[in-house]
Amino acid sequence: MSWQTRAACRDTDPELFFPPTEDDTAPIVARHLSAVRPVCGRCPVQSECLTWALDTGQDVGIWAATTPTERRAIRRQRLAGVPDPIADREPACAACSLLFPVPAVDGSLCSTCQETGA
């Protein structure tokens, strides 16, 4: 996880990223998100952070300015082949934007689009 050494949050109080409740609708979570979003917004490794959180199943805390509920929704979308604009910048089908299984060449067409001539 060498990306962590370049993270904008590395000098920020870690408790900001772990609200005292798992209820994403709680006001305290909203306050934590408000404090975290500017940090994540300027982070050079936000994509790597979110990808890591999704791939390792992080179900607590705020990662790349996302809550556990938001990450579960992103995981469901990814399973359906819908890429996340932050976590899945590559590789995806150039025609339909469905995710490719790794390894793949970005800009290629998936087998369905190749068959239909998209």
Side-chain angles (χ1 to χ4, degrees):
M1 291 190 305
S2 64
W3 58 267
Q4 287 183 334
T5 61
R6 297 175 293 144
C9 64
R10 74 174 186 267
D11 296 323
T12 305
D13 181 2
E15 290 195 22
L16 273 179
F17 296 87
F18 295 93
T21 180
E22 292 183 27
D23 178 6
D24 290 354
T25 63
I28 187 87
V29 174
R31 287 194 296 275
H32 279 251
L33 278 169
S34 292
V36 164
R37 282 195 173 122
V39 176
C40 294
R42 71 174 187 273
C43 186
V45 293
Q46 184 180 21
S47 177
E48 291 91 335
C49 177
L50 181 55
T51 299
W52 183 84
L54 293 169
D55 292 347
T56 60
Q58 298 301 310
D59 284 332
V60 295
I62 299 169
W63 294 87
T66 63
T67 65
T69 301
E70 292 168 331
R71 290 191 301 278
R72 283 190 290 276
I74 292 169
R75 281 190 211 104
R76 283 192 301 274
Q77 292 286 3
R78 289 170 104 199
L79 286 173
V82 179
D84 180 76
I86 294 174
D88 300 312
R89 295 187 180 178
E90 59 178 277
C93 175
C96 69
S97 297
L98 287 178
L99 296 177
F100 282 127
V102 175
V105 177
D106 196 31
S108 298
L109 297 178
C110 67
S111 58
T112 303
C113 290
Q114 286 176 355
E115 290 172 12
T116 60

Salt bridge present between D24 and R71 (N-O < 4.0 angstrom): no

Within the 4.5 Å heavy-atom criterion, are D84 and Q77 side-chain neighbours or not? no

Give me the atom names and distance for the closest heavy-atom approach of V36 to F17. CG1-CE2, 3.3 Å

Taking all atoms of both residues into account, what is the closest heavy-atom pair of A8 and C43, and its distance? N-SG, 3.4 Å

For a 4.5 angstrom cut-off between non-hydrogen side-chain atoms, does V60 reach E22? yes

Minimal heavy-atom distance between V45 and A7, with the atoms involved, is CG2-CA, 3.6 Å

Return yes if a side-chain donor-acceptor contact under 3.5 Å exists between T69 and R72, otherwise no. yes

Would you call the rings of W3 and W52 parallel, tilted or perpendicular, where under 30° means parallel and over 60° means perpendicular? tilted

Tightest non-hydrogen contact, residues R6 and E48, listed as NH2-OE2, 4.3 Å

For the CG atom of L33 and the CD1 atom of I62, what is their distance to the nearest 0.5 Å? 4.0 Å

So do P19 and R31 actually touch side chain to side chain, heavy atoms under 4.5 Å? no

Point-to-point distance, once rounded to the nearest 0.5 Å, from CD of Q58 to OG1 of T56: 3.5 Å

Distance from T21 atom OG1 to H32 atom NE2, nearest 0.5 Å? 10.0 Å

State, to 0.1 Å, how close E70 and A65 come at their nearest heavy-atom pair, and which atoms those are. OE1-O, 3.8 Å

Closest non-hydrogen atom pair between A87 and L54, with its separation: CB-CD1, 3.6 Å

Does a side-chain heavy-atom distance below 4.5 Å link V29 with D23? no

